[in-house]
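Please read the structure below before turning to the comments.
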Amino acid sequence: MVDLQTQYQRLKQEIDAGIAEVIASAAFIKGPKVAAFQQHLEAYTGAQHVIPVGNGTDALQIALMGLGLQRGDEVITPTFTFIATAEVVALLGLTPVVVDVEWETMNMDIDSLRRAITPRTKAIVPVHLFGQCANMEAIMQIAKEHHLYVVEDACQAIGAQYTFANGETKQAGTIGHVGCTSFFPSKNLGCYGDGGAIFTNDDTLAARMRAIANHGMVVRYHHDSVGVNSRLDSIQAAVLDAKLPHLNAFIAARQQAAAYYDRAFAGCDKLLIPGHEPQSTHVYHQYTLRVIGADRDTLRERLAEKGIPAMVYYPIPLHQQKAYRDTRYKDGDFPVAERLAGCVLSLPMHTELDEEQLEYICSEVLRMLNR
Ligand SMILES: *Cc1c(COP(=O)(O)O)cnc(C)c1O
C-alpha cells in the first residue's frame, strides 16, 4: 500500500544527517529539533501555534481536554472514520454522537449533522477523510449558530487546502478552533515511529493544550490541571523536519497517481472513482474506489493473488462496532456509511508509484471486473 523504503533511499542523506545530529547532541526529548520542526510546520500551515505531541490520537484527546468539556457533553463525529476519532470522546467520559457521511466525498453529511445537534452538543469533530476537507463552510457556520467548538481530525489531510466562498484559503487543521494531525509512518507526512501535532490560532487554548500535553504543568512541578505525557521525540522531529520541505512534492506525486487511476477507471461502470468536495484540494492519503457492480471482497482477494495490495478503510462504521454499540443506534440508521463500508476499496497510494506499477494495477483491476 505504501513504499517507505524507496522514499527513504531518495531522502536518505537529509534524514540520516538529521538523526545523527540528534544522537550527537543527546537532546532526545524537547530538543532543538522539535522546536525547529514546530516552527517550520507553523510556517507551512499558517497555524499560529503548532503543539507537537506523541501521536494523532493523543492530539485529539488533548484537544478535547483543552476545551474543558464536562462529562456527558455531546461530541459529534462521522460514523465512517478511523476509531480514534470517537475513542478519545468516549475515554474522556463525553458522549460520542455519530452522523452519516456523503456518498461522494465520504465526509460528514451536513443534514445529518444538523439533525444531531441537541442542547448538550458542545463540539463537532469533522474528519477530512482520505485527504480532502469536509464541508467546512457549512460546518463552521453551524458551529457559530450553535456556539460549538470545531476540532478537525486532519490526520489524513495535512497540506489539503480549503477555499471559502469569500475567497479565503486555509489549510486542513487550521480552520476550526483546533486541528489535529498524525505523523504515523504511512500518513502523508510520516515519521519513523509515532508522532502527531495540534494546530490552533487561539493563544489561550494553545497554552492550555501545551500544559496538558506536559502533565498539566507550566512551572516545573506545579500541576495546574490533570494532564498527560505526550511528546514528539527529537529523532522523529528530525525525520519530519527533513521531510517537510518535500511535502508539496509528495502531495503532487499522490495527485498524479490519483489522476492516473481516475483516467483508467472513469469509464468502468462497476466502479466509482472518488468524488470531490468542490472547495477542497485532495491530498489522497488514500485512493478509495466504491465497487458497485462486483463483489468487493472477491476483487480484493484476486488482486492479492496478483501481488496487488488493496485495503478496506473502513469495514465497520462506528455505530456498528462492538465497543460503541449503543441503544441509541440500530442498523440502517446511517445508510450511506453502511453502504460505503460494504463497497469501499483503497488501492496502493504513495509517493513512489511509477507508470509501470500504475498500469499493472489498473489493467488487473479492469481485467478482473470484466471477466
Ligand atoms: C491515523 C489517524 C488517527 C490517529 O493517529 P495516530 O497517530 O495513529 O494515533 C486519527 N484519526 C484518523 C482519521 C487517522 O487517520
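Just so it is clear, the model here is predicted, and its values are computed rather than measured. Start at 1 and go down the list; that is how both ligands and their atoms are numbered.
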**Message:** Counting non-hydrogen protein atoms only, what is the nearest one to atom 13 (C) of ligand 1? Give residue, atom name and distance.
**Reply:** D153 OD2, 3.4 Å

**Asked** Side chain of S363, backbone of Y360: donor and acceptor closer than 3.5 Å?
**Response** yes

**Prompt:** Tell me: protein heavy atom nearest atom 10 (C) of ligand 1, and distance?
**Reply:** C155 SG, 3.5 Å

**Prompt:** atom 9 (O) of ligand 1: which protein heavy atom is closest, and how many Å away?
**Reply:** T57 OG1, 2.5 Å

**Asked** Who's the nearest protein heavy-atom neighbour of atom 15 (O) of ligand 1, and how far?
**Response** Q156 NE2, 2.8 Å

**Message:** If I apply the N/O under 3.5 Å rule, does V127 come out as touching ligand 1?
**Reply:** no

**Message:** Can a donor-acceptor pair be found, under 3.5 Å and without considering hydrogens, that links the side chain of S234 to the backbone of K33?
**Reply:** no

**Item:** Per atom 5 (O) of ligand 1, closest listed option by heavy atom (S182, G195, A157)
**Value:** S182

**Request:** Pull out every atom of ligand 1 sitting under 4.0 Å from any heavy atom of A84, numbered as shown with elements.
**Result:** 10 (C)

**Request:** Return the orientation label for the F82 and Y314 ring planes: parallel under 30°, perpendicular over 60°, tilted otherwise.
**Result:** tilted

**Request:** Please work out whether the ring planes of F164 and Y162 are parallel, tilted or perpendicular, with thresholds of 30° and 60°.
**Result:** perpendicular

**Asked** Short list, please: which atoms of ligand 1 are under 4.0 Å from a heavy atom of N55?
**Response** 7 (O), 9 (O)

**E352 vs R10, salt bridge (Lys or Arg N to Asp or Glu O under 4.0 Å): CA-CA, chis, key distance, verdict** = CA-CA 10 Å; E352 313 302 313; R10 265 197 308 123; 2.6 Å; yes

**Prompt:** What part of K187, side chain from CB on, backbone N/CA/C/O, both or neither, has a heavy atom under 4.0 Å from ligand 1?
**Reply:** side chain

**Heavy-atom pair with the smallest gap, counting every atom of L347 and L289** = CD1-CD1, 3.7 Å

**Prompt:** Do the rings of H215 and H223 sit parallel, tilted or perpendicular, given the 30° and 60° boundaries?
**Reply:** perpendicular

